[in-house]
Amino acid sequence: RGSWLKQRSSRPRDWRARLEDPEQPATMRGLPFVFADRATVPGWLGCDVEGEITQHILDMNPDRILLVTDETVDTLHGEYFARLALPNVELPGETGDDFSVGVSPLVEKFVAPNGDACKSWATLTALMEWAFRIGATKQSVVVAFGGGALMNLSGLFASMLYRGSKLVYVPTTLLAMHDVTTSLKTSICFDGRKNNIGTFYAPMKILIDVAFCRTLPRSELFSGIGELAKNAALLGGMHAEGFRAALSSDRINGEHGGSGEEFVLDDMTLSTLLHLGIEAKMTVLKEDAYEKTSGMIFEYGHTVSHAIEKAYGDGVVPHGLGVTYGMLSSSFAAERLGFMSAGDRKEHDLLCDLLLRRWPLPSPMPSVERVLELSMRDSKRGLCGESEDEVADVLLRRMGDVVLTPTNNLSKYPAALLAEWLENMGFPHASAAAGKSG
């Protein structure tokens with residue numbers, strides 16, 4: 001291990017070169033995340049970089065590592081941090097070149113429920129009780145090892161523990177790698193609503209290993225790609241081109257019998273998509289860290305997405321796919337309000353369809369009334385001074401052209417338009433749904 005660490009500084013630092021040539025040793029590329037004047041978080045990205053990620057955590061000299069993960073990640077990647085649990089590890093000396101044997105930090109693991117089920121008061125309370133029971137201190141490091149929901153929960157936990165504890169993100173899903181790491185938001189869900197309790201909090205490090213994407217099911221890859229569809233619509237240009245290129249290059253993995261249950265993107269394509277996703281958000285958030293003005297545009301499609309996700313029940317509709325359906329509702333409203341032409345809406349919706357034709361909404365659909373009710377309880381509600389018969393979301397004139405407003409770049413519109421779109425999509429009315437169930 002000592003020789004591996006000593007050789008690390010002499011390795012080529014171009015991670016793309018290694019992806020093209022597997023014979024090159026694993027290495028991570030530095031990738032700073034700048035959140036305006038609020039925080040600059042050092043980040044690193046690579047592929048098959050378990051050893052380097054482990055060393056990044058050890059470099060923080062923790063007394064304890066509070067490893068927070070979920071059931072699925074623990075099953076698939078439970079041994080990823082096995083090196084942290086070794087009785088003795090070689091740590092860098094003061095010069096960074098000399099190594100000496102030191103005592104490993106204690107590693108404590110908390111396994112949370114999967115998906116949004118972990119974003120609850122009950123899980124947050126259990127985390128707090130666990131942290132104090134195992135003797136966490138200000139020198140301890142919280143390592144969030146999982147997808148977006150797990151990172152939202154862990155971030156909120158770390159922001160509250162001792163009024164702020166050291167936090168490291170190690171995302172394991174495509175969505176978390178490019179959409180959750182690029183935000184200071186933390187959250188849990190309460191009272192049937194989405195992300196309505198939370199804080200803004202910066203991790204100390206963001207460590208991304210693209211290799212985790214190889215084990216993602218089709219729905220999770222689609223979820224991460226859905227948020228990239230949002231960036232493509234908001235920003236156009238290279239983001240739209242990169243999205244189209246990725247969706248045209250996918251293939252069914254023959255090793256799985258061509259069942260359609262696997263959706264495979266190679267490491268280079270995934271890495272390219274990650275860079276596009278990270279660049280899209282960080283270009284904006286370097287001026288608006290708390291996503292209150294220019295950063296609010298990344299809420300595009302989210303009002304209806306959150307409502308659809310909650311109406312179906314947690315875990316049924318992956319978040320990024322819900323966002324892409326929400327984008328269709330926004331383009332419908334934008335055209336009806338006169339912001340978007342029919343031609344521009346068609347171009348927008350065709351981009352969304354590249355993904356959604358591969359993932360139709362499941363049956364039975366929730367009722368129009370239920371989705372409307374939840375959309376009117378969105379966590380952004382009130383910023384536009386909506387009336388009881390209005391909803392609000394980001395709207396576009398065309399791809400790459402956001403309707404800017406003094407109300408945090410949100411536009412309110414009649415809820416009747418949303419109801420009409422839901423009907424067009426096949427969502428039943430409550431009376432019809434009750435009749436079928438009877």
Side-chain angles (χ1 to χ4, degrees), residues 116 119 187 189-197 223 226-227 229-230 233 296-340 345 348-349 352 356 359-396 403 405 407-438:
D116 272 7
K119 294 172 63 172
S187 66
C189 305
F190 179 69
D191 193 29
R193 300 168 71 177
K194 186 96 170 177
N195 300 335
N196 55 336
I197 296 174
S223 186
E227 288 281 8
K230 176 197 69 180
M296 183 64 79
I297 67 172
F298 294 110
E299 287 292 301
Y300 184 49
H302 278 61
T303 298
V304 175
S305 170
H306 288 165
I308 289 175
E309 291 171 57
K310 282 296 181 183
Y312 267 103
D314 290 343
V316 177
V317 178
H319 175 64
L321 286 158
V323 168
T324 314
Y325 279 105
M327 290 163 57
L328 293 182
S329 74
S330 293
S331 70
F332 175 83
E335 183 187 7
R336 293 293 296 273
L337 294 169
F339 290 119
M340 183 179 278
R345 181 185 169 205
H348 171 282
D349 290 2
C352 296
L356 297 184
W359 207 94
L361 286 169
S363 295
M365 289 179 161
S367 69
V368 170
E369 289 78 9
R370 179 58 174 158
V371 177
L372 281 174
E373 174 195 359
L374 289 167
S375 70
M376 292 183 181
R377 299 175 65 198
D378 185 75
S379 60
K380 302 181 294 297
R381 190 163 183 84
L383 291 174
C384 288
E386 305 95 322
S387 64
E388 292 183 358
D389 60 352
E390 292 178 319
V391 293
D393 206 337
V394 176
L395 297 179
L396 304 183
V403 177
T405 73
T407 50
N408 302 78
N409 291 324
L410 295 169
S411 298
K412 59 184 178 181
Y413 61 89
L417 290 179
L418 174 54
E420 184 178 350
W421 177 80
L422 290 167
E423 292 168 357
N424 293 344
M425 291 292 293
F427 287 81
H429 280 280
S431 55
K436 288 181 180 180
S437 63

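- Between the side chain of E390 and the main chain of S387, a donor-acceptor pair closer than 3.5 Å is present.
- The two atoms that bring K230 and F298 nearest to each other are NZ-O, 3.1 Å, heavy atoms only.
- In this structure, H302 and D378 have side chains that are not in contact, with every pair of non-hydrogen atoms separated by 4.5 Å or more.
- Between Y325 and L356, the shortest heavy-atom distance links the atoms CE1-CD2, 3.4 Å.
- Using a distance-only test at 3.5 Å, with no hydrogens or angles considered, a donor-acceptor pair links the side chain of N196 to the main chain of F190.
- Between D191 and R193 there is no salt bridge, since no side-chain N of the basic residue sits under 4.0 Å from a carboxylate O of the acidic one.
- In terms of modelled atom types and a separation under 3.5 Å, the side chain of T303 and the main chain of A392 share a donor-acceptor contact.
- Judged purely by distance below 3.5 Å, without hydrogens or angles, the side chains of S305 and E309 pair a donor atom with an acceptor atom.
- You'll find the side chain of M376 reaches within 4.5 Å of the side chain of V391, heavy atoms only.
- Proximity of a side-chain donor or acceptor of K119 to a complementary backbone N or O of N195 within less than 3.5 Å is not detected.
- Residues H348 and L328 approach most closely at CE1-N, 4.4 Å, considering heavy atoms.
- A side-chain donor-acceptor contact under 3.5 Å links T405 to the backbone of L410.
- Considering only residues two or more places apart in sequence or on other chains, S363 meets the side chain to side chain donor-acceptor pair (under 3.5 Å) condition with none of them.
- In this structure, Y300 contributes its side chain and S330 its backbone to no donor-acceptor pair below 3.5 Å.
- The shortest side-chain heavy-atom distance between H306 and R377 does not fall under the 4.5 Å cut-off.
- Pairs of residues two or more places apart, or lying in two chains, that qualify as side-chain hydrogen bond (donor to acceptor under 3.5 Å, both in side chains) and include a residue from residues 412-423 are R336-E420, E423-H429.
- Taking all atoms of both residues into account, the shortest heavy-atom contact from L372 to A415 is CD2-O, 3.7 Å.
- The CD atom of E299 sits 10.0 Å away from the CG atom of L383 when rounded to the nearest 0.5 Å.
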